[in-house]
There are 2 protein chains.
Amino acid sequence: MYSRELLKGILKPIILKLLNDHGKMYGYEIVQHVKASSQGKVLIKEGSLYPSLHALTKEGYLETEAVMVGNRTRKYYRLTGKGKEAVAPAVNEVIEFQATLSTLFGKPKTALS
Amino acid sequence: MYSRELLKGILKPIILKLLNDHGKMYGYEIVQHVKASSQGKVLIKEGSLYPSLHALTKEGYLETEAVMVGNRTRKYYRLTGKGKEAVAPAVNEVIEFQATLSTLFGKPKTALS
DNA sequence: CAATAATACATCATAATTCTATGTATTGCA
DNA sequence: TGCAATACATAGAATTATGATGTATTATTG
């Protein structure tokens, strides 16, 4: 698990990309999926995810569909048109940022290299 | 320039690595150096840097040396022993994080790939 | 030579985001 | 039967970078 601050800024891009790749997902599923695909290194807390999903919905990026599974409600999220437009810019920014981190934290140039 | 939240968590690692590579630097120099080496993509604000340098100093990672240049004071920072020990873990965490971003935001696996 | 930009430091209130703690309830398993 | 996992939710706390503002010196340029 990374220091909490490093994760700031990547939660919404993660949500957008996952929904873009999977069509629809529910909250708990997102948490488990990110945990698995990051080899346990990115552990999104439910206290972080649910408010973020609510905010994205309120802002018009996501829409919801409630499904009853037994006696339990499962709330699926999917991208709206606005949400689909937001995927590429969000993902690209993270990818660029990741490349910049590579530059900044790679080995320093020495007189001999 | 990236969305502000993405930069959270990387300021202290940047400072530690720069001082490790350069021996000593002053605040304004750090801002300019990061701007140049990130091709203008990471613009550390003085309102962010100076408080961070003060905090790292207070916590025992850095020590200072005031140098007069003309009539102007320049405050150099260098790593203490404790600071040197903190470099590798901080840098490694960012590098690992960067690798995880690569995994999470790479192209999704499809049935054909 | 006067105005402007750059150098160089500093602080504080604000904003943004995630986490911890807490709560409710159902379902599966040992 | 009790515990873990599933599945949702919220509110206050914590962390960190930024914007705004301030002071002062030095270099540049019209």
Side-chain angles (χ1 to χ4, degrees), chain A residues 1-16 24-36 38 40-59 61-62 64-77 90 93-94 97 104, chain B residues 1-16 24-36 38 41-59 61-62 64-77 90 93-94 97:
Chain A
M1 191 53 181
Y2 301 110
S3 80
R4 44 161 115 305
E5 296 300 327
L6 275 181
L7 299 177
K8 290 205 173 170
I10 70 163
L11 183 50
K12 288 185 181 182
I14 282 178
I15 293 169
L16 293 175
K24 67 175 181 180
M25 293 180 88
Y26 56 99
Y28 193 80
E29 186 184 13
I30 293 175
V31 171
Q32 302 305 323
H33 192 280
V34 172
K35 181 181 176 182
S38 69
K41 289 174 186 167
V42 177
L43 304 175
I44 299 173
K45 302 307 186 304
E46 295 181 70
S48 311
L49 181 68
Y50 291 118
S52 196
L53 287 171
H54 300 162
L56 286 168
T57 304
K58 194 178 171 189
E59 292 159 14
Y61 296 98
L62 308 183
T64 62
E65 176 196 356
V67 174
M68 288 306 291
V69 179
N71 287 328
R72 186 155 49 187
T73 303
R74 182 180 289 176
K75 205 164 159 188
Y76 278 97
Y77 291 85
E93 192 191 23
V94 175
F97 175 65
L104 290 180
Chain B
M1 191 53 182
Y2 302 110
S3 78
R4 44 165 116 307
E5 295 301 328
L6 274 183
L7 299 177
K8 292 208 170 166
I10 69 164
L11 182 50
K12 288 186 180 182
I14 282 178
I15 293 170
L16 293 175
K24 65 175 183 179
M25 294 180 88
Y26 56 99
Y28 193 81
E29 186 184 12
I30 292 175
V31 171
Q32 302 306 322
H33 192 278
V34 172
K35 181 181 175 183
S38 69
K41 289 174 185 166
V42 177
L43 303 175
I44 298 172
K45 302 306 184 304
E46 295 182 72
S48 310
L49 181 68
Y50 291 118
S52 197
L53 287 171
H54 299 163
L56 286 169
T57 304
K58 194 177 170 189
E59 292 159 14
Y61 296 99
L62 308 182
T64 62
E65 175 195 357
V67 174
M68 288 305 292
V69 179
N71 288 326
R72 187 156 48 186
T73 302
R74 183 179 288 175
K75 205 165 158 188
Y76 279 98
Y77 291 85
E93 191 190 25
V94 175
F97 175 66

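Hydrogens, waters and symmetry mates play no part in the numbers below; they use all other heavy atoms, side chains included. So you know, we letter chains A, B, ... as the sequences are listed, proteins then strands, and number each from 1.
Rounded to whole angstrom, the span from the OH atom of A:Tyr28 across to the C1' atom of D:dA5 amounts to 5 Å. Whole-Å rounding puts the B:Met25 CE to C:dA8 P distance at 12 Å. Remark: P of D:dT16 and CG of B:Leu6 are 16 Å apart, rounded to the nearest angstrom. Residue B:Ile30 contributes atom CD1, which lies 13 Å from atom P of D:dA17 at whole-angstrom precision. Nucleotide D:dA9 holds its P atom 13 Å from the CG atom of A:Leu56, rounded to whole Å. Between A:Ile44 atom CD1 and C:dT18 atom C1' the separation is 11 Å, expressed in whole Å. The interatomic distance linking A:Glu46 (CD) with D:dC8 (C1') rounds to 8 Å, in whole Å. At whole-Å resolution of the value, CG in A:Leu11 and C1' in C:dC19 are 12 Å apart.
For the OP1/OP2 pair of D:dT10 and a distance below 4.0 Å, the side-chain nitrogens and oxygens of A:His54 include at least one atom meeting the criterion. Dashed line: the shortest gap from a side-chain N or O of B:Lys45 to OP1 or OP2 of D:dA20 is not under 4.0 Å. Listed pair B:Arg72 / C:dT7 fails the phosphate criterion, with no side-chain N or O lying under 4.0 Å from OP1 or OP2. For D:dA24, the OP1/OP2 oxygens have no side-chain nitrogen or oxygen of B:Asn71 closer than 4.0 Å.
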side-chain contact (heavy atoms from CB on, under 4.5 Å) between A:Tyr76 and A:Glu29, intermediate numbers included:
CA-CA 10 Å; A:Tyr76 278 97; A:Glu29 186 184 13; 4.3 Å; yes
So A:Leu7 and A:Lys45, side-chain contact (heavy atoms from CB on, under 4.5 Å) or not? Walk me through it.
CA-CA 11 Å; A:Leu7 299 177; A:Lys45 302 307 186 304; over 6 Å; no
For B:Thr73 and B:Met68: C-alpha separation, side-chain torsions, deciding distance, then whether side-chain contact (heavy atoms from CB on, under 4.5 Å) applies.
CA-CA 5 Å; B:Thr73 302; B:Met68 288 305 292; 3.2 Å; yes
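Note on the helix from C:dC1-D:dG30 to C:dA30-D:dT1: angle between the axes of the first and last five pairs equals 30°, rounded to 10 degrees.
For the pair B:Leu7 and A:Thr73, nearest-nucleotide mapping onto DNA chain D gives the more 5' position to A:Thr73. Along DNA chain C, the nucleotide nearest B:Tyr76 and the nucleotide nearest A:Glu5 are compared for position; the residue whose nucleotide lies closer to the 5' end is B:Tyr76. Comparing A:Arg4 and B:Tyr50 against DNA chain C, the residue whose closest nucleotide sits nearer the 5' end is B:Tyr50.
Residue contacts shown for A:Gly70 are limited to sugar-phosphate atoms, with no base heavy atom under 4.0 Å away. Note on A:Gly27: only backbone sugar-phosphate atoms sit closer than 4.0 angstrom, heavy atoms only; bases stay farther off. Residue B:Met1 is classed as a sugar-phosphate contact, given heavy-atom separations below 4.0 Å to backbone atoms only.
At least one side-chain heavy atom of B:Leu62 sits under 4.5 Å from a side-chain heavy atom of B:Ile15.
How far OH of A:Tyr2 is from CD of B:Glu93: 8.0 Å, rounded to the nearest 0.5 Å.
Nearest to the side-chain atoms of B:Arg74 among the listed nucleotides D:dA9, C:dA10, C:dA8 stands C:dA8.
The shortest non-hydrogen separation linking A:Leu53 to A:Gly27 is CD1-CA, 4.0 Å. Across all non-hydrogen atoms, the minimal contact from A:Lys75 to A:Tyr26 is O-CB, 3.2 Å. Among all heavy-atom pairs drawn from B:Leu6 and A:Phe97, the shortest one is O-CZ, 3.2 Å.
A donor-acceptor contact under 3.5 angstrom links the side-chain atoms of A:Lys8 to the base of D:dT15.
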